[in-house]
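Proteins get letters first, then strands, A, B, ... in listed order; numbering begins at 1 in each.
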Protein chains: 4
Amino acid sequence: MGSSTQHPRRGNTRQRIQDVALELFAEQGYEKTSLREIAERLDVTKAALYYHFKTKEDILISLFEDLSRPVDELVAWGAAQPSTLETKKEILRRYGVALAGAAPLFRFMQENQATVRELSIGDLFKQRMMKLMDLVMDPDADMPDRVRCFSALFTMHAGMLALKDVEGDPEEKRAAILEVSTDLITQAHTPSRTA
Amino acid sequence: MGSSTQHPRRGNTRQRIQDVALELFAEQGYEKTSLREIAERLDVTKAALYYHFKTKEDILISLFEDLSRPVDELVAWGAAQPSTLETKKEILRRYGVALAGAAPLFRFMQENQATVRELSIGDLFKQRMMKLMDLVMDPDADMPDRVRCFSALFTMHAGMLALKDVEGDPEEKRAAILEVSTDLITQAHTPSRTA
Amino acid sequence: MGSSTQHPRRGNTRQRIQDVALELFAEQGYEKTSLREIAERLDVTKAALYYHFKTKEDILISLFEDLSRPVDELVAWGAAQPSTLETKKEILRRYGVALAGAAPLFRFMQENQATVRELSIGDLFKQRMMKLMDLVMDPDADMPDRVRCFSALFTMHAGMLALKDVEGDPEEKRAAILEVSTDLITQAHTPSRTA
Amino acid sequence: MGSSTQHPRRGNTRQRIQDVALELFAEQGYEKTSLREIAERLDVTKAALYYHFKTKEDILISLFEDLSRPVDELVAWGAAQPSTLETKKEILRRYGVALAGAAPLFRFMQENQATVRELSIGDLFKQRMMKLMDLVMDPDADMPDRVRCFSALFTMHAGMLALKDVEGDPEEKRAAILEVSTDLITQAHTPSRTA
DNA sequence: GATGAATGAGCGTTCATTCAT
DNA sequence: TATGAATGAACGCTCATTCAT
């Protein structure tokens, strides 16, 4: 026995909306998820959603703000560190943790780029990614090394999300992704590979 | 009088529909692009679209079939080659060419994954990517090397599309992406790096 | 400590609701003014409005009752007077004063006739206007004279409200309107104009 | 015998929409008339309305444009005449005809001023009324005479519409209204009445 | 090879209102 | 005196799709 009555009209509706919305957004995409669907799954009316959020987009914004704070903090942390290879490795490591902590949101962001681009969070996301890139990329590196940095970040990003449906131990995969990513950034940092 | 001119202007409505659709799909996403919009831009009625295509999805399918044949052929070619490092390098090179040849479509596929997943082309695309992966990946490589192969392909994919809005000479960028990608696959192929 | 200050500020929510409601009703119309809007402007919740008024219409009714009492009294006064030209002139004069005293309400009534017609105050208003008309109109006058009386009243009504956005000294305008109105009723009262 | 089949799917739907819309707009007001209501009365779906009109407001605009052209023409005609008393009388006469010809529309405009003010036709209407006023009003008349002109026009306007629900022969009423209105404008034109 | 006219389903949103606290 | 949380009904509008011509 406990608190699972039939009408759990507690002060947690807002949170429940966010949970269900994220689940559905990640599963079906933003556009294909209707407010009716969200409401039905929560057994409330559509209008109830509007008590807690001003618009559909607002639900998404709130998710983004709540869940992507760790990345924001990571960017801030990185900016305060000396721009050494060690720092960059640590950034990648921490980025992996942040991604894992909000995997559904980031999966959503990646799989709905076209949609998100027109939404207000699109810019926020893009700018943050670019700041992250700047932290990791040497401004006067040559083009291949720039690509290596880009690839390091992207490998983390896509790897963490896409390798979900690949066989193998999750921990091992995480470690491998981080290793490859770190390798890439190390190579980008090592001069005269070609020589 | 050959009818395959480069600037479609008359009597080739089907082709013009595809062109406009691809442009809009890539720009705004599949869901946010309505048939009304496509029709208006072509200055025909919506009903006219239905003369040439059975459904909205059909337009997308036709685009996919027409534009992604090169990748299909690449997969077929790769399957017929011996599974050497040289082959794999060549696969990456050719993949780059194929991507560049149908950039808008691939950009679309990447930015609309959530949508495409529910569509019939979603599976096609996924299976082809997995075949490509298989061609490039050593079945009994360790996890980091598997990730390296994944990353090689993904770097090509994302690099070709996302680096569009990055400063620098396009050719140089293409070359750099290919270099990094090739590097990754080479490393994946070289035993005992750690030793 | 008298509580009937001119600038309502505290503890007199009912009055403040009426003030804001009248302002918004007059400005945007009854239908386009939502209770949310009223509540927000007062910095209370919608539910608070329901503590003071049973329905939205009730707010309007209360405004009507409070603000149009002078006209009611005018009708009563007129009915008790002998039906002379002098009386009628005085009625017009007093009507002008009453109109000026509750201009926003009367402006609202005029600009929202379609809406008000379906509301309970619609009838009240109409009946009062007809009583006023009866006081001013000679039952066995000919049609033109009846129109003159109608026009006298309507000129007051519309003139007072519509001439707001016309250049000129307000007092002069009021006087002029009253003059024309009085003229009309005088002419209606003067036999054998045509002869 | 006759064309009254059950499915009169002729090319007259647009017209039928306008007819029903005007009827309902005039009867209940613009806001209280829903597209569902219009559609139901025509036995079509709401979506069908959108084939013929881009928005709800568009329906109203089309009504306004179609029905108020005579007044536009009257204004144009008046502007081309010499500004004599005779001209002004003729303007009033013609205005009466125009009003009678589109009574429901003008009734609607008068009874929904608050609504119409925010709509695009609000300005059109206002400007036209002011032009009409200018045609009829002497620029250097004194205030009472200006009011007389205003009253002349307004008497026509309101009289034609409001006197519908007053007993008496319609023709007689029309004549009386025109007479009073003409009287007013004549008085406004006659110098030194007071002397 | 295309249009004109329409449909049915659904969308995001807003509204006046209620009621336990 | 008020609020927090919700509802049910409706709204204007858009969509992919159909079909007779």
Asp43(D) has an atom CG; how far is it from atom C1' of dT7(E), in whole Å? 12 Å
Starting from C1' on dT3(E), measure out to CG on Leu42(B) and report it in whole angstrom. 15 Å
Please name the pair of heavy atoms, one in Leu24(D) and one in Thr33(D), separated by the smallest distance, quoted to 0.1 Å. O-OG1, 3.2 Å
Roughly, in whole Å, what's the span from CD in Gln15(B) to P in dG1(E)? 14 Å
Atom-to-atom span, CG of Asn12(A) to P of dG4(F) - whole angstrom: 17 Å
Report the residues that fulfil side chain to side chain contact (heavy atoms under 4.5 Å, CB included) with Arg14(A), sequence neighbours left out, ordered by chain and then residue number. Gln18(A), His52(A), Phe53(A), Ser62(A)
Between Tyr51(D) and dA6(E), does any side-chain N or O lie under 4.0 Å from OP1 or OP2? no
Residues Glu37(A) and Lys32(A) bridged, charged N to O under 4.0 Å: no
Mind checking what makes side chain to side chain contact (heavy atoms under 4.5 Å, CB included) contact with Phe125(A), not counting sequence neighbours? Phe64(A), Phe106(A), Met109(A), Arg128(A), Met129(A), His157(A)
For atom CD1 of Ile17(A) and atom C1' of dA6(F), their distance in whole Å: 11 Å
Under 3.5 Å, which donor-acceptor pairs link side chains of residues 112-123 of chain D to any protein atom two or more places apart or in another chain?
| unit_1 | atom_1 | unit_2 | atom_2 | d |
| --- | --- | --- | --- | --- |
| Asn112(D) | OD1 | Tyr30(D) | N | 3.4 |
| Asn112(D) | ND2 | Phe108(D) | O | 3.0 |
| Gln113(D) | NE2 | Gln110(D) | O | 3.0 |
| Thr115(D) | OG1 | Glu31(D) | OE2 | 3.0 |
| Arg117(D) | NH1 | Glu27(C) | O | 2.9 |
| Arg117(D) | NH2 | Glu111(C) | OE1 | 2.2 |
| Arg117(D) | NH2 | Glu111(C) | OE2 | 3.4 |
| Ser120(D) | OG | Glu57(D) | OE2 | 3.3 |

Mapping Arg14(A) and Ala48(C) onto DNA chain F by nearest heavy atom, which one lands closer to the 5' end? Ala48(C)
With sequence neighbours left out, the residues meeting side chain to side chain contact (heavy atoms under 4.5 Å, CB included) with Arg36(A) are Ser34(A), Glu40(A), Lys46(A)
Taking dG1(E) as the reference, what is the distance to dT21(F) when you measure between their C1' atoms (whole Å, please)? 13 Å
Which residues pass the salt bridge (Lys or Arg N to Asp or Glu O under 4.0 Å) test with Asp19(A), not counting sequence neighbours? none
When you check every protein heavy atom under 4.0 Å of nucleotides 10-16 of chain F, what one-letter string (B, S, -) results, 5' to 3'? -SBBBBB
The answer to which of His52(D) and Val44(B) contacts DNA chain E further toward the 5' end, by nearest nucleotide, is Val44(B)
For Lys126(A), all residues meeting side chain to side chain contact (heavy atoms under 4.5 Å, CB included), sequence neighbours excluded: Met130(A), Asp165(B)
Is any side-chain nitrogen or oxygen of Thr13(D) closer than 4.0 Å to OP1 or OP2 of dA6(E)? yes
Residues passing the side-chain hydrogen bond (donor to acceptor under 3.5 Å, both in side chains) test with Gln127(C), sequence neighbours excluded, are none
Only Watson-Crick and G-U wobble pairs, only distances under 3.5 Å, only runs of 3 or more: what stems does that leave for DNA chain F? E:2-21 with F:2-21
